[in-house]
Asks: 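The structure under discussion is supplied below as structure tokens; questions concerning it will follow.
Convention: sequence-line order gives letters A, B, ...; per-chain numbering from 1.
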Protein chains: 2
Amino acid sequence: MKKSGVTLVDVAKLAGVSTMTASRALSGEGYASEEMRTKVHAAAKELGYVPNALARMMKGGKTNVIGVVVNDLSSAVINAFVTALSEEVRKIEMDMFIYNSLGDLGHGRGKRLSQMLHGLWDGLLFVLPRMTDDYLEQLEQSASPIVLVNYFSRETTLPVVRGDNVNGAHDAVSHLLDLGHRRIAFVRGMAYTGQSELRERGYRLAHEAAALEVDPALVVGGDFSEVAGLEAGRALMDLPEPPTAIFAGNDSMALGCINAIREKGLEVPKDVSVVGFDDIPASALVQPALTTLRHPVEAMAHAAVQELVRRIQGQPGRRHRIEFPSEFIVRASTAAAPAPAPRARPRARGRRAQA
Amino acid sequence: MKKSGVTLVDVAKLAGVSTMTASRALSGEGYASEEMRTKVHAAAKELGYVPNALARMMKGGKTNVIGVVVNDLSSAVINAFVTALSEEVRKIEMDMFIYNSLGDLGHGRGKRLSQMLHGLWDGLLFVLPRMTDDYLEQLEQSASPIVLVNYFSRETTLPVVRGDNVNGAHDAVSHLLDLGHRRIAFVRGMAYTGQSELRERGYRLAHEAAALEVDPALVVGGDFSEVAGLEAGRALMDLPEPPTAIFAGNDSMALGCINAIREKGLEVPKDVSVVGFDDIPASALVQPALTTLRHPVEAMAHAAVQELVRRIQGQPGRRHRIEFPSEFIVRASTAAAPAPAPRARPRARGRRAQA
DNA sequence: GTGAAAGCGCTAACAG
DNA sequence: CTGTTAGCGCTTTCAC
């Protein structure tokens, strides 16, 4: 089943010229007399000719297409990166396809991905990828240009463009410490992207720098989702000595925490300060607006595309790992720590802080 | 510049067989002795051979790929559709690429899209597309299979799978009327997708069915964004006679309205009820959870893919237009209308003050 | 079972 | 300026 039936040969035949003339007339490259050009264009139009991109690509060896692989399009963060990448790619006049692997690379269908579609694109960008070790190894041995964006799981020889999570988290927690908070909770995300771990490291380093110990009860599990944040928040606020501030592994969980805090009849930031990570769109719109950290998405997208293009063109990569500092954005969800509770009954106060 | 350098010919040479044998051994199709098979596989592995999808596709005429075109990936609705489509496509063992046109089709780069990549996919799905008339016409004349998902702007000969907006809106507004609300506002979205208009029609029809008039002051503009909802909400609540219920053109604006209502020191749903449309993920999580309408996304994705596949296979389309009723989801943002204000004597009351 | 030839639709590269 | 030839990497014939 042909794509559209009509090929360049048909056009040429109708126009009464050679295929080559037709090709030249249509592509605009090379010499072609005005007469031929109009004749060919007329024929093409009449037949409804549409060039077959596949054939053109095959001939040239280059497709002028960059592929972007994600495994969860519903994530606001991934979305932001994909959109920024689209714009970068458009700037350099290339095309971009997004491929949603629907889950970890290396399992099921994703297993074959990098191979199956090989040849369709000049280079591949992986955004916040989750993959098996096997898969990574396969990628490392792949001949086609690849750049990983925000990959943290393990060391790799592939070029990586990533945001700095440790220092960002450090900044956020230091800010809370500066505001007088001493019981600062951390809500973990899922382990496998590696981001949660790095953010937790920053959280711990900030405590160390202030010569403070982290109460293990204040570090709780989560999975980066809003519901997980809600549950983690409830658990934290139910603690005998609840935290006065929560640093959530990401914004979604931070929003969940805010809801949990409200359920207890407490106010953000008066009673409890909350900080997120990622600066998803909702964070700026919510009440109170969320203090958070954001990766310089546009700059990172730019760097990733540049690096990829460099490799596509066979030039040596600029750098193996490009790291971007995250920007700390102070909004309305953080404030000075509340006056310390009258030692005797911290719980009582927490319960009915306001009617 | 070759994609990976090593081709089937190289593999065959190393294995000491013909390219054909190599092809058969690797693809698993056709006869090939065990011996050849292992030999070829060994050679392929040694060279790191990866088949060129482009060449394979070209030969077969079919690519086994479905393309999905969107113009704004950050939209939660589009996202939901794209994800559902991914899963549908995976079920039928095809691949799917997403192309983000970054704005209306028919302007700038988008202009060339349908042509440029022609041949790369067997069929094209347009999700919530916005396009110029020219572009639509071009699409209608295109030889390749196309299905539009949630396209409402104008009549078209292309197959369309879409959610029913009019009846959904009618249901929502009827519900509010049943709850005793008599001043129900509507917040419009952007005009160009056509959805806002249909939802407004449902809103008006519900009023007509109840023999009530719509106060023109209660129908305000918006653009489907949360900020627009906030502004519209403020404007509405500042009215001399503010509404007791707001039906927003979509969920994002509904969430904005809720914030606006809160700013005035009022409560949802006690003082004002709010209904959205689309059931974006945030709607279920927000406090109070939003009453809204949702398209049966999975069913629609299924229908769209089936219809497209049918056309790819050259079978006649099942139906030209497939419409799916939206589901009305009652959550916590709607309640009975507050007792009428002592002074205000709404004129709407005259007819048949609620059964 | 395996191989040789032909060709998918297009465009570099060279002739004319 | 225009036409002819060749070939991208693979697979579908059709012989052997």
Side-chain angles (χ1 to χ4, degrees), chain A residues 1-40 43-44 47-64 115-122 143-144, chain B residues 1-40 43-44 47-64 115-122 143-144:
Chain A
M1 157 141 273
K2 303 248 187 63
K3 305 303 316 182
S4 122
V6 30
T7 77
L8 192 59
V9 182
D10 302 322
V11 177
K13 211 169 283 173
L14 182 72
V17 298
S18 74
T19 47
M20 210 41 234
T21 307
S23 169
R24 281 196 273 253
L26 290 170
S27 73
E29 315 246 334
Y31 308 96
S33 66
E34 209 43 54
E35 195 193 333
M36 288 294 155
R37 192 158 302 203
T38 48
K39 214 161 38 167
V40 171
L47 294 173
Y49 168 73
V50 181
N52 185 321
L54 227 47
R56 191 178 288 181
M57 287 172 174
M58 221 183 101
K59 187 65 189 160
K62 285 208 319 183
T63 63
N64 218 36
Q115 299 205 349
M116 242 178 18
L117 280 10
H118 170 84
L120 272 189
W121 32 56
D122 293 338
S144 49
Chain B
M1 158 142 273
K2 304 247 188 66
K3 307 299 318 179
S4 121
V6 30
T7 78
L8 191 59
V9 182
D10 302 321
V11 176
K13 209 169 285 173
L14 181 71
V17 298
S18 74
T19 46
M20 212 37 239
T21 308
S23 170
R24 282 196 272 254
L26 290 171
S27 73
E29 316 245 333
Y31 307 96
S33 66
E34 209 44 54
E35 195 193 333
M36 288 295 156
R37 194 159 302 204
T38 48
K39 214 159 42 164
V40 171
L47 294 173
Y49 168 72
V50 181
N52 185 322
L54 226 49
R56 188 179 292 181
M57 286 173 175
M58 220 183 101
K59 189 64 192 164
K62 285 209 317 185
T63 63
N64 218 37
Q115 299 206 349
M116 244 178 15
L117 278 10
H118 170 83
L120 272 188
W121 32 55
D122 293 339
S144 48

Asks: Separation of A:L47 atom CG from C:dG9 atom C1', in whole Å?
Replies: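 Whole-Å distance recorded here is 15 Å.
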Asks: Could you give the CG-to-P distance, from A:D10 to C:dC8, as a whole number of Å?
Replies: 11 Å
Asks: Would you say B:S23 reaches D:dT11's phosphate, i.e. side-chain N/O to OP1/OP2 under 4.0 Å?
Replies: yes
Asks: Output the rounded distance in Å from NE2 (A:H118) to P (D:dG9).
Replies: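 Rounded to whole Å, this separation is 10 Å.
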Asks: If you draw a 6.0 Å radius around NZ in A:K39, do more than 12 non-hydrogen atoms from other residues or ligands fall strictly inside?
Replies: yes
Asks: Could you name each residue pair satisfying side-chain hydrogen bond (donor to acceptor under 3.5 Å, both in side chains) that touches residues 16-25 of chain A, not counting sequence neighbours?
Replies: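 Sorted result for residues 16-25 of chain A: A:S18-A:T21.
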Asks: Could you point out which residue of B:D122, B:N52, B:T63, B:N64 forms a side-chain contact (heavy atoms from CB on, under 4.5 Å) with B:M57?
Replies: B:T63
Asks: A:L54 CG to D:dC8 P: how many Å, rounded?
Replies: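 Rounded to whole Å, this separation is 16 Å.
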Asks: Can you identify which nucleotide, out of D:dG3, C:dC10, D:dC10, has its nearest atom closest to the B:L8 side chain?
Replies: D:dC10
Asks: OP1 or OP2 of D:dG3 versus the side-chain N and O atoms of A:T21: is any pair under 4.0 Å?
Replies: yes
Asks: Closest approach to the side chain of A:S18, judged atom by atom: which nucleotide of D:dC10, C:dT2, D:dT4 is it?
Replies: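 Out of D:dC10, C:dT2, D:dT4, the nucleotide with an atom closest to A:S18's side chain is D:dT4.
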Asks: Mind calculating the distance between NZ (A:K62) and P (C:dT11) to the nearest angstrom?
Replies: 16 Å
Asks: Which pair of heavy atoms, one from B:L8 and one from B:A22, lies closest together, and at what distance?
Replies: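 In terms of heavy atoms, the two residues are closest at CD1-CB, 3.9 Å.
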Asks: Please report how far the helix from C:dG1-D:dC16 to C:dG16-D:dC1 bends, comparing the axis fitted to its first five pairs with the axis fitted to its last five, to the nearest 10 degrees.
Replies: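 Here the local axes at opposite ends form an angle of 40°.
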Asks: Who are the side chain to side chain contact (heavy atoms under 4.5 Å, CB included) partners of A:A32, not counting sequence neighbours?
Replies: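 For A:A32, the residues satisfying side chain to side chain contact (heavy atoms under 4.5 Å, CB included) (neighbours in sequence not counted) are A:R37.
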Asks: Looking at B:Y49, I'd like to know whether one of its side-chain N or O atoms comes within less than 4.0 Å of OP1 or OP2 on D:dC10.
Replies: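 For D:dC10, OP1 or OP2 has a side-chain N or O of B:Y49 closer than 4.0 Å.
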Asks: Can you tell me the distance, in whole Å, between the CE atom of A:M58 and the C1' atom of C:dC8?
Replies: 8 Å
Asks: C:dG9, OP1 or OP2 - any side-chain N/O from A:T7 closer than 4.0 Å?
Replies: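 Checking C:dG9 against A:T7, no side-chain N or O comes under 4.0 Å of OP1 or OP2.
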Asks: Just the atom pairs and distances: protein N or O near nucleotides 12-16 of chain C's N or O, under 3.5 Å.
Replies:
none

Asks: Please identify each residue that fulfils side chain to side chain contact (heavy atoms under 4.5 Å, CB included) with B:L47, with sequence neighbours left out.
Replies: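 For B:L47, the residues satisfying side chain to side chain contact (heavy atoms under 4.5 Å, CB included) (neighbours in sequence not counted) are B:V6, B:D10, B:V11, B:L14.
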Asks: Just jot down the side chain to side chain contact (heavy atoms under 4.5 Å, CB included) partners of A:A15, sequence neighbours excluded, or say none.
Replies: A:V17, A:V40, A:A43
Asks: Check A:T7 against A:Y49 and note the closest heavy-atom contact, atom names and distance.
Replies: C-CE1, 3.5 Å
Asks: Mind checking side chain to side chain contact (heavy atoms under 4.5 Å, CB included) for A:T38 and listing every partner two or more places apart, or none if nothing turns up?
Replies: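 In terms of side chain to side chain contact (heavy atoms under 4.5 Å, CB included), with neighbours along the sequence ignored, A:T38 is linked to A:E34.
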Asks: Is A:T19 close enough to C:dT11 that one of its side-chain N or O atoms is under 4.0 Å from OP1 or OP2 there?
Replies: no
Asks: Within the structure, does a side-chain N or O atom of B:R56 lie under 4.0 Å from either OP1 or OP2 of D:dC10?
Replies: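 Answer no for this pair, as no side-chain N or O of B:R56 is under 4.0 Å from OP1 or OP2.
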Asks: Give the rounded distance in Å between these two atoms: CZ of A:R37 and P of D:dC1.
Replies: 10 Å
Asks: May I have the distance from B:N52 (atom CG) to D:dC8 (atom C1'), rounded to whole angstrom?
Replies: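 Atom CG in B:N52 sits about 9 Å away from atom C1' in D:dC8.
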Asks: Where is the tightest heavy-atom contact between B:R56 and B:P51, given as atom of each residue plus distance?
Replies: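 Closest approach of B:R56 to B:P51, heavy atoms only: NH2-CB, 3.3 Å.
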Asks: Out of D:dC8, D:dG3, D:dC1, which has the shortest distance to the side chain of A:V17?
Replies: D:dG3
